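Heads up: the structure comes next, in C-alpha coordinates.
Predicted model only: the values in this text are computed from it and were never measured. Chain naming here is simple, since letters A, B, ... match the order of the sequence lines and numbering starts at 1 in each.
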Amino acid sequence: MSSLQGYVDRRVILVLQDGVVIVGVMAGFDQKSNVVLSDSKERIYSMDAGVEEVPLGLYLVKGDMIVLIGELDEAVDQAVDLSTIHAEPIPRIQY
Amino acid sequence: MLPLSLLNAAQNKPMLVELKNGETFNGHLVNCDNFMNITLREVYQTNSEGDRFWKLKECYIRGSTIKYLRVPDTLLDAVKEEQNRARDAGRGARGAFVSGGNRGGRGAPSRARGGRGGPMRGGRGRGRG
(Lines give C-alpha, C1' and ligand atoms only; values in the text may rest on other atoms or scores of the structure.)
Protein backbone atom coordinates (compact mmCIF):
# COMPACT_ATOMS: atom_id res chain seq x y z
CA MET A 1 0.00 0.00 0.00
CA SER A 2 1.20 3.45 -0.86
CA SER A 3 1.17 5.77 2.12
CA LEU A 4 1.98 9.30 3.13
CA GLN A 5 3.16 8.18 6.58
CA GLY A 6 6.81 8.64 5.63
CA TYR A 7 6.21 12.35 4.99
CA VAL A 8 4.80 13.14 8.42
CA ASP A 9 6.77 15.84 10.24
CA ARG A 10 8.85 16.41 7.09
CA ARG A 11 8.85 19.55 4.99
CA VAL A 12 6.96 18.79 1.80
CA ILE A 13 6.00 20.52 -1.41
CA LEU A 14 2.42 20.27 -2.66
CA VAL A 15 1.22 20.98 -6.18
CA LEU A 16 -2.51 21.52 -6.53
CA GLN A 17 -4.77 21.13 -9.54
CA ASP A 18 -5.00 24.90 -9.97
CA GLY A 19 -1.20 25.14 -10.24
CA VAL A 20 -0.68 26.47 -6.72
CA VAL A 21 2.57 25.36 -5.07
CA ILE A 22 2.65 25.15 -1.27
CA VAL A 23 5.51 24.14 1.01
CA GLY A 24 4.89 23.18 4.63
CA VAL A 25 5.49 20.59 7.30
CA MET A 26 3.09 17.69 6.97
CA ALA A 27 1.34 17.41 10.32
CA GLY A 28 -1.12 14.75 9.25
CA PHE A 29 -3.14 13.10 6.51
CA ASP A 30 -6.02 10.70 6.10
CA GLN A 31 -7.39 7.98 3.83
CA LYS A 32 -8.58 10.50 1.25
CA SER A 33 -5.17 12.22 1.06
CA ASN A 34 -6.49 15.27 2.86
CA VAL A 35 -3.36 16.87 4.25
CA VAL A 36 -2.60 19.13 7.21
CA LEU A 37 0.34 21.47 6.66
CA SER A 38 1.86 23.59 9.40
CA ASP A 39 4.05 26.64 8.87
CA SER A 40 3.04 26.58 5.21
CA LYS A 41 3.91 29.09 2.51
CA GLU A 42 2.69 29.50 -1.03
CA ARG A 43 5.40 29.86 -3.65
CA ILE A 44 4.39 32.13 -6.50
CA TYR A 45 6.48 31.74 -9.62
CA SER A 46 6.76 34.30 -12.40
CA MET A 47 9.06 35.11 -15.28
CA ASP A 48 9.54 38.80 -14.51
CA ALA A 49 10.16 38.63 -10.74
CA GLY A 50 11.80 36.24 -8.32
CA VAL A 51 9.75 33.60 -6.48
CA GLU A 52 7.45 35.16 -3.93
CA GLU A 53 6.71 33.30 -0.70
CA VAL A 54 3.39 34.10 0.96
CA PRO A 55 3.00 32.78 4.53
CA LEU A 56 -0.23 30.80 5.00
CA GLY A 57 0.19 29.21 8.44
CA LEU A 58 -1.84 26.13 9.34
CA TYR A 59 -3.58 24.70 6.30
CA LEU A 60 -5.91 21.80 5.62
CA VAL A 61 -5.82 20.89 1.93
CA LYS A 62 -8.49 18.61 0.49
CA GLY A 63 -7.13 15.47 -1.15
CA ASP A 64 -9.27 16.14 -4.24
CA MET A 65 -7.12 19.14 -5.11
CA ILE A 66 -3.70 17.54 -4.71
CA VAL A 67 -1.69 16.56 -7.76
CA LEU A 68 1.71 15.94 -6.19
CA ILE A 69 3.38 15.65 -2.80
CA GLY A 70 7.14 15.53 -2.52
CA GLU A 71 9.62 15.67 0.33
CA LEU A 72 11.85 18.74 0.31
CA ASP A 73 15.57 18.38 0.88
CA GLU A 74 15.76 21.26 3.34
CA ALA A 75 19.51 21.72 3.02
CA VAL A 76 19.32 22.04 -0.74
CA ASP A 77 16.17 24.14 -0.57
CA GLN A 78 17.71 26.64 1.83
CA ALA A 79 20.80 26.91 -0.34
CA VAL A 80 18.63 28.24 -3.16
CA ASP A 81 18.03 31.97 -3.28
CA LEU A 82 14.41 32.04 -4.40
CA SER A 83 14.60 35.70 -5.41
CA THR A 84 16.95 34.71 -8.24
CA ILE A 85 14.59 32.06 -9.61
CA HIS A 86 12.44 33.04 -12.55
CA ALA A 87 10.03 30.41 -13.79
CA GLU A 88 6.73 30.00 -15.56
CA PRO A 89 3.87 29.42 -13.15
CA ILE A 90 2.27 25.98 -13.40
CA PRO A 91 -0.97 26.25 -15.36
CA ARG A 92 -4.17 24.93 -13.85
CA ILE A 93 -5.40 21.54 -14.97
CA GLN A 94 -7.99 21.77 -17.73
CA TYR A 95 -10.39 19.00 -18.58
CA MET B 1 -2.84 13.81 13.27
CA LEU B 2 -6.00 13.41 11.22
CA PRO B 3 -7.30 16.36 9.22
CA LEU B 4 -10.77 15.77 10.64
CA SER B 5 -9.49 15.98 14.23
CA LEU B 6 -8.08 19.37 13.39
CA LEU B 7 -11.37 20.44 11.85
CA ASN B 8 -13.35 19.24 14.85
CA ALA B 9 -11.04 21.15 17.15
CA ALA B 10 -11.64 24.25 15.06
CA GLN B 11 -15.25 24.58 16.20
CA ASN B 12 -16.06 28.15 17.23
CA LYS B 13 -12.71 29.26 15.81
CA PRO B 14 -12.29 31.63 12.88
CA MET B 15 -11.33 30.10 9.55
CA LEU B 16 -10.96 30.84 5.89
CA VAL B 17 -12.43 28.42 3.39
CA GLU B 18 -11.63 28.53 -0.30
CA LEU B 19 -13.83 26.62 -2.71
CA LYS B 20 -12.66 24.94 -5.88
CA ASN B 21 -14.23 27.78 -7.88
CA GLY B 22 -12.06 30.32 -6.03
CA GLU B 23 -14.77 31.87 -3.85
CA THR B 24 -13.69 32.36 -0.26
CA PHE B 25 -15.64 32.32 2.98
CA ASN B 26 -14.36 33.87 6.21
CA GLY B 27 -16.26 32.98 9.34
CA HIS B 28 -16.44 31.05 12.58
CA LEU B 29 -16.95 27.30 12.37
CA VAL B 30 -20.27 26.23 13.86
CA ASN B 31 -20.26 22.56 12.94
CA CYS B 32 -18.68 20.01 10.64
CA ASP B 33 -19.01 16.34 9.72
CA ASN B 34 -16.89 13.53 8.32
CA PHE B 35 -17.54 14.66 4.72
CA MET B 36 -16.07 18.03 5.69
CA ASN B 37 -19.46 19.61 5.16
CA ILE B 38 -19.34 22.69 7.35
CA THR B 39 -21.51 25.49 8.67
CA LEU B 40 -20.04 28.90 9.34
CA ARG B 41 -21.52 31.91 11.09
CA GLU B 42 -20.88 35.64 10.61
CA VAL B 43 -19.44 35.01 7.16
CA TYR B 44 -17.70 37.30 4.71
CA GLN B 45 -17.90 35.81 1.21
CA THR B 46 -15.77 37.01 -1.70
CA ASN B 47 -16.05 36.07 -5.34
CA SER B 48 -13.15 34.36 -7.08
CA GLU B 49 -11.75 37.69 -8.37
CA GLY B 50 -11.74 39.03 -4.82
CA ASP B 51 -13.46 42.24 -5.89
CA ARG B 52 -16.99 41.61 -4.57
CA PHE B 53 -18.01 40.91 -1.01
CA TRP B 54 -21.09 39.62 0.74
CA LYS B 55 -21.90 39.32 4.42
CA LEU B 56 -23.88 36.27 5.49
CA LYS B 57 -25.33 35.50 8.92
CA GLU B 58 -24.73 31.79 8.45
CA CYS B 59 -23.90 29.43 5.59
CA TYR B 60 -23.53 25.74 4.84
CA ILE B 61 -20.73 24.53 2.56
CA ARG B 62 -20.68 21.09 1.01
CA GLY B 63 -17.35 19.40 1.79
CA SER B 64 -16.74 18.21 -1.74
CA THR B 65 -16.63 21.80 -3.05
CA ILE B 66 -13.82 22.86 -0.70
CA LYS B 67 -10.26 23.41 -1.94
CA TYR B 68 -8.65 24.17 1.41
CA LEU B 69 -9.26 25.54 4.88
CA ARG B 70 -6.99 27.91 6.73
CA VAL B 71 -7.20 27.65 10.53
CA PRO B 72 -5.45 29.41 13.45
CA ASP B 73 -1.85 28.25 14.02
CA THR B 74 -2.53 27.69 17.72
CA LEU B 75 -4.91 24.82 16.91
CA LEU B 76 -2.10 22.45 16.02
CA ASP B 77 -0.62 22.49 19.52
CA ALA B 78 -4.07 22.30 21.09
CA VAL B 79 -4.94 19.14 19.12
CA LYS B 80 -1.56 17.49 19.77
CA GLU B 81 -1.89 18.15 23.48
CA GLU B 82 -5.41 16.76 23.54
CA GLN B 83 -4.26 13.62 21.72
CA ASN B 84 -1.39 13.09 24.16
CA ARG B 85 -3.80 13.39 27.06
CA ALA B 86 -6.18 10.88 25.48
CA ARG B 87 -3.34 8.45 24.74
CA ASP B 88 -1.94 8.62 28.27
CA ALA B 89 -5.38 8.07 29.75
CA GLY B 90 -5.97 5.08 27.45
CA ARG B 91 -2.59 3.60 28.21
CA GLY B 92 -3.13 3.82 31.95
CA ALA B 93 -6.46 2.02 31.76
CA ARG B 94 -5.28 -0.67 29.34
CA GLY B 95 -2.05 -1.28 31.21
CA ALA B 96 -3.93 -2.15 34.39
CA PHE B 97 -6.23 -4.49 32.50
CA VAL B 98 -3.39 -6.29 30.72
CA SER B 99 -1.31 -7.00 33.80
CA GLY B 100 -4.34 -8.55 35.48
CA GLY B 101 -5.86 -10.44 32.60
CA ASN B 102 -2.82 -11.74 30.81
CA ARG B 103 -1.07 -13.41 33.71
CA GLY B 104 0.46 -16.73 32.79
CA GLY B 105 -0.86 -16.45 29.29
CA ARG B 106 2.45 -15.93 27.52
CA GLY B 107 2.13 -18.59 24.89
CA ALA B 108 -1.37 -17.78 23.76
CA PRO B 109 -1.67 -15.84 20.51
CA SER B 110 -2.35 -12.28 21.55
CA ARG B 111 -5.32 -11.65 19.29
CA ALA B 112 -7.86 -10.78 21.90
CA ARG B 113 -6.79 -7.19 22.38
CA GLY B 114 -6.14 -4.64 19.69
CA GLY B 115 -9.11 -5.73 17.61
CA ARG B 116 -7.49 -5.61 14.20
CA GLY B 117 -5.00 -8.35 14.76
CA GLY B 118 -2.49 -6.53 12.57
CA PRO B 119 1.16 -7.09 13.29
CA MET B 120 2.58 -4.87 16.01
CA ARG B 121 -0.64 -3.00 16.50
CA GLY B 122 -1.34 -2.61 20.18
CA GLY B 123 -0.73 -6.30 20.57
CA ARG B 124 2.58 -5.90 22.30
CA GLY B 125 4.81 -3.16 23.49
CA ARG B 126 2.29 -1.12 25.38
CA GLY B 127 2.07 -3.16 28.54
CA ARG B 128 5.75 -3.90 28.74
CA GLY B 129 6.94 -0.36 29.12
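Hydrophobic clustering (ILVMFWY, side-chain heavy atoms < 4.5 Å, transitive): A/Val51 and A/Ile90 are in one cluster. Linking ILVMFWY residues whenever their side-chain heavy atoms come closer than 4.5 Å, directly or via other members, leaves A/Met65 and B/Phe35 in distinct clusters. Residue A/Leu58 is grouped with residue B/Ile38 when hydrophobic side chains (ILVMFWY) are merged at heavy-atom distances under 4.5 angstrom, including chains of intermediate members. Note on B/Leu75: it does not cluster hydrophobically with A/Val61, by side-chain heavy-atom contacts below 4.5 Å among ILVMFWY residues. Follow the hydrophobic side-chain contacts under 4.5 Å out from A/Val25 and you never reach A/Ile13; the two are in separate clusters.
Rounding to the nearest 0.5 Å gives a distance of 10.0 Å between CG of A/Asn34 and CG of B/Leu2. A distance of 10.0 Å separates CG in B/Leu6 from OG in A/Ser38, rounded to the nearest 0.5 Å. Note that OH of B/Tyr68 is 9.0 Å distant from CG of A/Leu16, once rounded to the nearest 0.5 Å.
Only the side chain of B/Met36 comes within less than 4.5 Å of a heavy atom of chain A; its backbone N, CA, C and O stay farther away. Contacts between A/Tyr59 and chain B at a heavy-atom distance below 4.5 Å involve backbone atoms as well as side-chain atoms. The part of A/Val35 that comes within reach of chain B is its backbone (N, CA, C, O), which places non-hydrogen atoms under 4.5 angstrom from that chain. At a 4.5 Å heavy-atom cutoff, the contact between B/Leu69 and chain A is made by backbone and side-chain atoms alike. For A/Asp18, the part lying near chain B is the side chain, with the backbone staying farther off; criterion is any non-hydrogen pair under 4.5 Å.
Most heavy-atom pairs under 4.5 Å with chain A, from the set B/Leu16, B/Asp73, B/Leu7: that is B/Asp73. Looking only at heavy-atom pairs under 4.5 Å with chain B, the residue among A/Gln31, A/Met26, A/Lys62, A/Gln17 that has the most is A/Lys62.
In this structure, the side chains of A/Leu60 and B/Met15 stay at 4.5 Å or more apart for every pair of heavy atoms.
Residues of residues 51-67 of chain B lying under 4.5 angstrom from chain A, judged on non-hydrogen atoms, are B/Gly63, B/Ser64, B/Ile66, B/Lys67 by number.
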Pair A/Val36-B/Met1, side-chain contact (heavy atoms from CB on, under 4.5 Å): steps then yes or no: CA-CA 8 Å; A/Val36 180; B/Met1 188 200 33; 3.9 Å; yes
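When all heavy atoms are compared, the tightest approach of B/Pro3 to A/Gly28 is CD-C, 4.5 Å.
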